[in-house]
Amino acid sequence: MAYWLLKSEPATWSWAQQVAAGAQGTFWNGVRNHAAKLHLMAMKPGEEALFYHSNEGKAVVGVVRIIRSFYPDPSDASGKFGMVDVAADRALAQPVTLEAIKSDPRLAKMVLVTNSRLSVQPVTPEEWAMIMAMGAGACTTQSC
DNA sequence: GCCAACGTTGGC
DNA sequence: GCCAACGTTGGC
């Protein structure tokens with residue numbers, strides 16, 4: 001079971017919109033980067049991904065579930081890229097900000113920190129557990 | 001096939 | 001609004 005992180009600018013597609021889309025979910029299109037594409041292709045239905053608000057907010061705000069594996073993206077004229085379908089699963093009790101992630105040495109190797117421009121990223125089980133604990137409000141940074 | 005130029009992303 | 005990082009494009 002792999003874990004992932006998906007980035008979206010809230011002005012383009014926000015967590016509120018994802019929640020409004022409900023259990024049937026929506027397609028996650030627009031990826032035009034080969035590294036990101038490889039991660040999309042590796043996603044399996046049932047796996048979970050962090051939903052991260054980039055630019056505005058700069059925080060992990062919720063969890064989405066992959067509900068359909070990789071298939072062609074109709075908005076890509078070249079036919080090279082594709083997308084998956086995701087549905088909102090649950091919100092975090094409190095957003096986990098980029099600032100909080102950066103300030104914790106145990107999360108220093110997150111792709112979000114090391115390659116901030118990649119829009120689809122893998123997350124390790126350890127990182128996932130940390131983010132979940134921080135997002136639950138169960139602990140503050142460094143006390144998990 | 002290399003590399004300079006350019007465009008885009010995203011944090012600050 | 002600026003700029004650094006990085007991916008992509010296109011000329012050679």
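None of these values were measured; they are calculated from a predicted model. Letters go in sequence order (proteins before strands), and every chain restarts at 1.
Lys58(A) has no side-chain polar atom (N or O) that falls below the 4.0 Å cut-off from OP1 or OP2 of dT9(B). Phosphate contact (OP1/OP2 of dG11(B), side-chain N/O of Tyr52(A), threshold under 4.0 Å): present.
Nucleic acid contact class of Asn33(A) (heavy atoms, under 4.0 Å, all strands): sugar-phosphate only. In this structure, Leu118(A) reaches neither bases nor backbone, as no heavy-atom distance under 4.0 Å exists between it and the strands shown.
Note: CZ (Arg117(A)) to P (dT8(C)) measures 9 Å, nearest angstrom. The nearest whole Å value for the distance from the CD atom in Gln121(A) to the C1' atom in dG10(B) is 12 Å. In this structure, Leu98(A) places its CG atom 12 Å from P of dG10(B), rounding to the nearest Å. Rounded to whole Å, the distance from CG on Asn115(A) to P on dA4(C) is 18 Å. Arg32(A) places its CZ atom 17 Å from the P atom of dG7(C), with the value rounded to the nearest Å. Atom P of nucleotide dG10(B) and atom CE of Met110(A) are separated by 14 Å, given to the nearest angstrom. Nucleotide dC12(B) holds its P atom 9 Å from the CD atom of Glu99(A), rounded to whole Å. The NZ-C1' distance, from Lys80(A) to dT8(C), rounds to 10 Å in whole Å.
Considering only residues two or more places apart in sequence or on other chains, Ile67(A) meets the side chain to side chain contact (heavy atoms under 4.5 Å, CB included) condition with Asp85(A), Ala87(A). Annotation: ring-ring contact (aromatic ring centres under 6.0 Å, His included) contacts of Tyr3(A) (sequence neighbours excluded): Trp128(A).
The residues Glu9(A) and Lys58(A) are annotated as not salt-bridged, no charged nitrogen and carboxylate oxygen being separated by less than 4.0 angstrom.
Ring centers of Trp28(A) and Phe51(A): under 6.0 Å apart, within the cut-off.
Comparing Thr114(A) and Asn55(A), the nucleotide of DNA chain C nearest to each residue sits closer to the 5' end for Asn55(A).
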